[in-house]
Protein chains: 2
Amino acid sequence: MNSDFTLAIHSLTYLALQLDRMSTSDAISESAGVHPVRIRKVLSLLKKHGFIKSKEGSGGGFIFARDLSEVNLWDIYKITSEGALQPKCPDSNEACVVGANMQRVLVSIFLGAEEHLGEYLKHYTLKDIVDLIHKEK
Amino acid sequence: MNSDFTLAIHSLTYLALQLDRMSTSDAISESAGVHPVRIRKVLSLLKKHGFIKSKEGSGGGFIFARDLSEVNLWDIYKITSEGALQPKCPDSNEACVVGANMQRVLVSIFLGAEEHLGEYLKHYTLKDIVDLIHKEK
DNA sequence: TGTACTGTAAGACTAAGTGTTACAGAATGA
DNA sequence: TCATTCTGTAACACTTAGTCTTACAGTACA
């Protein structure tokens, strides 16, 4: 699984705990343990899809743009990792019954699998994540 | 997604169409479009788990060892790709509430996701795959 | 005009996946 | 017994995707 997905969740969760002020990519990247540029790339994607807003310049940064309970993990999955389940099959032999039809069969199964995964991920909103973060182990 | 999974399915399907005789790794690799050694590595795993039997030497090869309808995709997933859904999070900052708890939260969510995926994959037996292969597009 | 940010491109580095060669061991048949 | 045809596996080269890092332009603010 793409780590963009988890970085996106991490970032949004971070912002969810700072709803009243802007957070810089440096602060988030420090929390997530990755390079600021990488975080900015992920944040840029989140912004493009309207989950967050950003402001350049001194005192700028990123801030949540939606309601916590209206953003779920499936939304985030779709923009960061859609198709990640799909296995990359090498081009198999068209002259063989198996080779010629396997890809078609697998693609349809994995599309179903992703859809199925979606149903599961939809149940987790960012609000749930925030609650889980606060709940002690 | 790991392509070992699809190669395993491909191999088993191939064998499922040749239930009465042995198939060589060369034949299967040609159908799947990958190197024989790679196929043998996957087949070796399938053998270790009792899905197939093999025989060395001239006239040898691989042959199915189970009933077609008692092997499902979840069985195969488990031995080839278990944990593939689990995203690799970099070690995040323990000093931050988010960083310190994110990994735990994500791991539990993804474990649930994999379990959920399992329920879906369990519905596909090798017999189903063989039927799908034969069904024209 | 200097400082503190975002936004992005480009290249270096790293790890995982895959292909390839090589060779030992087992079964078979001449 | 010996050549042949297969599995089984290790080792290494190659390729690709992922990630880190540097660099710098653009924007806001004081």
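Chain letters run A, B, ... following the sequence lines, proteins first, then strands; residues in each count from 1. The model shown is predicted, which means the values in this text are computed figures rather than measured ones.
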**Asked** Should B:Val97 and A:Ile9 be counted in the same cluster of Ile, Leu, Val, Met, Phe, Trp and Tyr side chains packed under 4.5 Å apart?
**Response** yes
**Asked** First and last nucleotide of DNA chain C touching chain B, 5' to 3', heavy-atom cut-off 4.0 Å?
**Response** C:dT18 to C:dT28
**Asked** Would a 4.5 Å heavy-atom cut-off, applied to side chains only, mark B:Leu46 and B:Ile79 as touching?
**Response** yes
**Message:** With a 6.0 Å cut-off (strictly less than), is the heavy-atom count around NZ of A:Lys78, excluding the residue itself, greater than 12?
**Reply:** yes
**Prompt:** Do any of residues 56-67 of chain A sit with a heavy atom less than 4.0 Å from DNA chain C, and if so which?
**Reply:** A:Glu56, A:Gly57, A:Ser58, A:Gly61, A:Phe62
**Prompt:** Is there a donor-acceptor contact under 3.5 Å linking the side chains of B:Tyr120 and A:Glu115?
**Reply:** no
**Message:** Under 4.0 Å, counting only non-hydrogen atoms across every strand here, what does B:Lys47 touch: a base, just sugar-phosphate, or nothing?
**Reply:** sugar-phosphate
**Under 3.5 Å donor-acceptor, B:Thr125 side chain and B:Asp128 backbone** = yes
**Message:** Any base atoms under 4.0 Å from A:Arg40, or only sugar-phosphate, or nothing? Heavy atoms, all strands.
**Reply:** base
**Prompt:** To the nearest 0.5 Å, what is the distance between CG (A:Asp20) and CZ (A:Phe64)?
**Reply:** 13.5 Å
**Fill in**
By nearest-heavy-atom nucleotide on DNA chain D, the more 5' of B:Ser23 and B:Val37 is B:Ser23
**Message:** For the backbone of A:Val37 and the side chain of A:His35, can you confirm whether one donor and one acceptor N or O come within less than 3.5 Å of each other?
**Reply:** yes
**Request:** Indicate yes or no: does B:Asp131 engage B:Lys127 in a salt bridge with an N to O separation below 4.0 Å.
**Result:** yes
**Any donor-acceptor N/O pair, A:Glu114 side chain to A:Gly83 backbone, under 3.5 Å** = yes
**Item:** 5' to 3' contact window, DNA chain D with chain A (heavy-atom distance under 4.0 Å)
**Value:** D:dT19 to D:dC29
**Item:** Beyond-backbone contact of A:Leu73 with A:Ile76, side-chain heavy atoms, under 4.5 angstrom
**Value:** yes
